[in-house]
**Student:** 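Pasting a structure below so you can have a look.
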Amino acid sequence: VLAVRDALSKPRVHDRLDPAWVQLVKFHQGAFALAEYAAVLAELRMCRFGRDSAWRIMANLGALDEIRHTQIPLLLGHDLLEMDGNFDWTHKAYHTNNLIVVAARHLFEDGFLAANAIDIAIQLNFVIETGFTNLQFMALAAMADGADHHVFEKALASIQTDEARHAQIGHPVVRALMRHGGRGYAQYLLDKMWWRCWRLFLATTGTAMDYLAPIEARTRSFKEFMQEWVIEHFMRNLEEFEFDLPWFWRLFLDELDYAHHSLQPALYSCRTMLWFDEPTPSEPERAWLRDKYPTWVQTYEPIWDRIEDAWERQGEGSTLTYTLPALCNLCQLPTVFIGPGNSTACSLKRNGRSYLFCSQPCRWIFEKEPERFGGHRTVVDRVITGEAPSDLQDLLIWMGHDTLESTG
Ligand code: MN
Ligand code: MN
């Protein structure tokens with residue numbers, strides 16, 4: 001990575017990158033660089049508390065890997081500062097209460113930090129690293145190649161070589177857990193983490209791949225990557241241990257066609273609350289989306305027509321939202337995963353208050369562990385309790401956007 005950086009990071013190389021691709025990189029850097037640091041702490045916890053010397057040694061090496069995975073994006077983000085000051089969000093994002101960052105942190109704290117060594121082996125190694133990191137690092141690396149961003153491509157591919165190694169902690173731990181009657185426990189953590197990862201990765205990787213990558217870099221659609229790299233691989237893991245398919249599998253498969261398309265207009269209209277920009281899809285991109293997602297033309301294209309029409313008639317201000325979206329009390333994302341003719345949002349009353357969820361699986365996870373999740377406040381909850389300001393300008397500052405330039 002360092003050699004490629006030396007060869008390719010000369011001044012002006014960045015100038016040739018597609019502008020939407022630059023936003024994709026900025027999104028990725030902010031959303032994932034310090035998640036790698038959370039993984040350092042998780043590996044170290046297994047290194048201390050894993051109940052087998054092989055496990056502890058693998059986790060020790062895993063912690064070294066994850067330190068590297070934190071440092072590489074920080075270094076690349078620092079290089080990119082000269083092009084765009086918002087690359088400081090590579091390091092800054094996880095130190096803010098930006099609403100997308102809160103969602104990412106909520107998942108990684110649940111999966112890595114507020115978890116014991118066995119939970120970590122299942123949630124981080126078995127589910128995330130054998131499933132979703134392929135998407136983030138192999139699929140996105142292929143796209144980086146197509147976008148001629150070779151330093152980023154090498155960084156991603158290099159990270160995945162480590163992930164493939166320490167991901168192997170998961171299988172022997174699951175095997176041992178099965179021998180000791182832990183099947184139900186393992187199945188729950190697997191179902192929970194699968195759903196939670198699906199939510200976060202569709203919000204970050206799904207929207208980025210299908211809306212920010214230049215068309216010539218889109219070797220596959222997000223759905224096709226999910227089918228090839230994530231679902232097939234994960235199914236083999238399930239079969240190996242005779243796990244059941246998660247109960248929400250049908251909903252998950254349906255959502256491949258719409259969930260990230262449903263979130264994208266929300267990201268677009270909330271772009272002043274993000275540290276990167278979002279474009280409207282161009283005509284060639286619309287044609288690509290219609291081809292890859294046959295229902296997109298009826299369900300989502302009219303939304304973009306209305307947005308473009310509003311801009312033309314009333315100016316850019318009419319394409320922005322001036323309130324926070326309703327947020328899910330589990331995944332913390334906007335509750336906008338609306339399929340054709342169907343909203344999946346739902347609610348729950350508990351101890352005299354209402355909780356809102358984007359979907360049945362998020363409510364199910366909450367109900368399984370109400371003590372764990374019930375006390376956490378979404379950004380909207382914090383506005384209501386007075387912990388966060390209700391004026392949008394002040395709220396943006398509270399979320400880490402202290403200058404106008406630091407927003408999308
Ligand atoms: Mn990593
Ligand atoms: Mn890892």
Side-chain angles (χ1 to χ4, degrees), residues 103-104 106-112 114-115 118-136 139 167 169-171 173-175 177-178 181-206 222-260 262-263 328-333 335 337-339 342-346 348 355 357-370 372-373:
H106 192 284
L107 164 63
F108 295 126
E109 289 181 4
D110 185 20
F112 306 175
I118 294 169
D119 296 347
I120 291 167
I122 297 171
Q123 299 184 122
L124 168 58
N125 304 123
F126 189 76
V127 180
I128 298 182
E129 288 178 343
T130 59
F132 288 87
T133 56
N134 279 329
L135 182 76
Q136 197 60 24
I169 292 171
H171 285 241
V173 174
V174 171
R175 217 170 286 131
L177 200 57
M178 294 301 202
R183 171 173 294 275
Y185 176 64
Q187 178 84 48
Y188 169 64
L189 291 182
L190 182 153
D191 292 359
K192 170 174 99 166
M193 205 39 51
W194 181 269
W195 183 259
R196 298 217 57 185
C197 287
W198 164 238
R199 271 289 175 264
L200 186 72
F201 282 85
L202 79 85
T204 51
T205 318
F222 173 61
K223 180 183 177 181
E224 289 164 344
F225 273 128
M226 282 295 298
Q227 284 166 333
E228 180 178 345
W229 290 94
V230 181
I231 297 172
E232 283 179 27
H233 202 98
F234 187 65
M235 297 290 256
R236 284 201 295 275
N237 282 340
L238 293 184
E239 281 159 20
E240 183 181 341
F241 295 104
E242 296 174 340
F243 278 124
D244 295 330
L245 272 179
W247 63 268
F248 48 74
W249 199 250
R250 188 66 250 167
L251 174 65
F252 157 68
L253 292 179
D254 287 348
E255 281 202 357
L256 287 171
D257 275 317
Y258 69 79
H260 63 301
S262 198
L263 183 65
C328 174
N329 275 107
L330 196 277
C331 71
Q332 312 292 308
L333 290 167
T335 52
F337 303 102
I338 300 161
N342 169 38
S343 167
T344 56
C346 53
L348 174 74
Y355 293 89
F357 301 97
C358 70
S359 58
Q360 296 288 343
C362 275
R363 186 172 77 177
W364 173 74
I365 294 165
F366 184 95
E367 285 187 287
K368 283 280 189 186
E369 303 176 84
R372 182 173 178 83
F373 298 116

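Since the structure is predicted, the reported quantities are computational estimates derived from the model, not experimental observations. Excluded from the calculations below are hydrogen atoms, water molecules and symmetry mates; all remaining heavy atoms, backbone and side chain alike, are included.
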**Student:** Mind listing the closest non-hydrogen atom pair of Glu255 and Leu202 along with its distance?
**Tutor:** OE1-CD2, 4.3 Å
**Student:** Within the 4.5 Å heavy-atom criterion, are Phe126 and Leu190 side-chain neighbours or not?
**Tutor:** yes
**Student:** Flag the pair Phe243 / Asp191 as yes when at least one side-chain heavy-atom distance between them is below 4.5 Å, and no otherwise.
**Tutor:** no
**Student:** Is any side-chain heavy atom of Leu177 less than 4.5 Å from a side-chain heavy atom of Ile118?
**Tutor:** yes
**Student:** Using the test side chain to side chain contact (heavy atoms under 4.5 Å, CB included), find all partners of Thr130 that sit at least two apart in sequence or belong to another chain.
**Tutor:** Ala167, His171, His233, Asn237
**Student:** If I take atom CZ from residue Phe366 and atom OH from residue Tyr355, how far apart are they, to the nearest 0.5 angstrom?
**Tutor:** 4.5 Å
**Student:** How long is the gap from CZ on Phe222 to CD on Gln227, to the nearest 0.5 Å?
**Tutor:** 10.5 Å
**Student:** Classify the angle between the aromatic ring planes of Phe108 and Phe112 as parallel (below 30°), tilted (30 to 60°) or perpendicular (above 60°).
**Tutor:** tilted
**Student:** Do the side chains of Gln123 and Asp119 get nearer than 4.5 Å, heavy atoms only?
**Tutor:** yes
**Student:** Contact between Leu245 and Met235 at the side-chain level, heavy atoms closer than 4.5 Å - yes or no?
**Tutor:** yes
**Student:** So, taking the atom named CE in Met226 and the one named CG in Asn134, what distance separates them when rounded to the nearest 0.5 Å?
**Tutor:** 11.0 Å
**Student:** Could you pull out the closest heavy-atom pair between Val230 and Trp194, with the gap in Å?
**Tutor:** CG1-CH2, 3.3 Å
**Student:** Taking all non-hydrogen atoms of both residues, which atom of Cys197 and which atom of Ile128 are closest, and how far apart?
**Tutor:** SG-CG1, 3.4 Å
**Student:** Please report the interatomic distance CD1(Ile231) to CG(Leu256), rounded to the nearest 0.5 Å.
**Tutor:** 5.0 Å
**Student:** Taking C-beta and beyond as the side chain, do Pro246 and Leu238 meet within less than 4.5 Å on heavy atoms?
**Tutor:** yes
**Student:** Closest approach of Cys331 and Arg196, non-hydrogen atoms and distance?
**Tutor:** CA-NH2, 4.0 Å
**Student:** Could you point out which residue of Val127, Ile122, Ile365 forms a side chain to side chain contact (heavy atoms under 4.5 Å, CB included) with Lys192?
**Tutor:** Ile365
**Student:** List in chain and number order the residues that pass ring-ring contact (aromatic ring centres under 6.0 Å, His included) with Phe201, two or more places apart in sequence or in another chain; answer none if no residue qualifies.
**Tutor:** Phe32, Phe132
**Student:** So which heavy atom on Ala259 is nearest to which on Phe337, and how close?
**Tutor:** O-CD2, 3.6 Å
**Student:** Could you please spell out the steps behind the side-chain contact (heavy atoms from CB on, under 4.5 Å) verdict for Thr335 and Phe357?
**Tutor:** CA-CA 7 Å; Thr335 52; Phe357 301 97; over 6 Å; no
**Student:** Return yes if some donor-acceptor pair links the side-chain N/O of Thr344 with the main-chain N/O of Cys358 below 3.5 Å, else return no.
**Tutor:** yes
**Student:** Can you sort out the partners of Asp257 under side chain to side chain donor-acceptor pair (under 3.5 Å), two or more places apart, ordered by chain and number?
**Tutor:** Lys223
**Student:** Treating Arg199 as the side-chain partner and Ala103 as the backbone partner, does any N or O pair qualify as donor plus acceptor under 3.5 Å?
**Tutor:** no
**Student:** Quick one: pull up CD in Glu369 and CH2 in Trp364 and give me the separation to the nearest 0.5 Å.
**Tutor:** 9.0 Å
**Student:** Which pair of non-hydrogen atoms, one from Trp195 and one from Ser359, has the smallest distance, and what is that distance?
**Tutor:** CZ2-OG, 3.4 Å
**Student:** Can any side-chain N or O of Arg183 pair as donor or acceptor with the backbone N or O of Phe241 at less than 3.5 Å?
**Tutor:** yes
**Student:** Would you compute the distance between atom CG of Leu330 and atom CZ of Arg363 and round it to the nearest 0.5 angstrom?
**Tutor:** 12.0 Å
**Student:** Would you find a donor on one side and an acceptor on the other, under 3.5 Å apart, between the side chain of Arg372 and the backbone of Ala114?
**Tutor:** yes
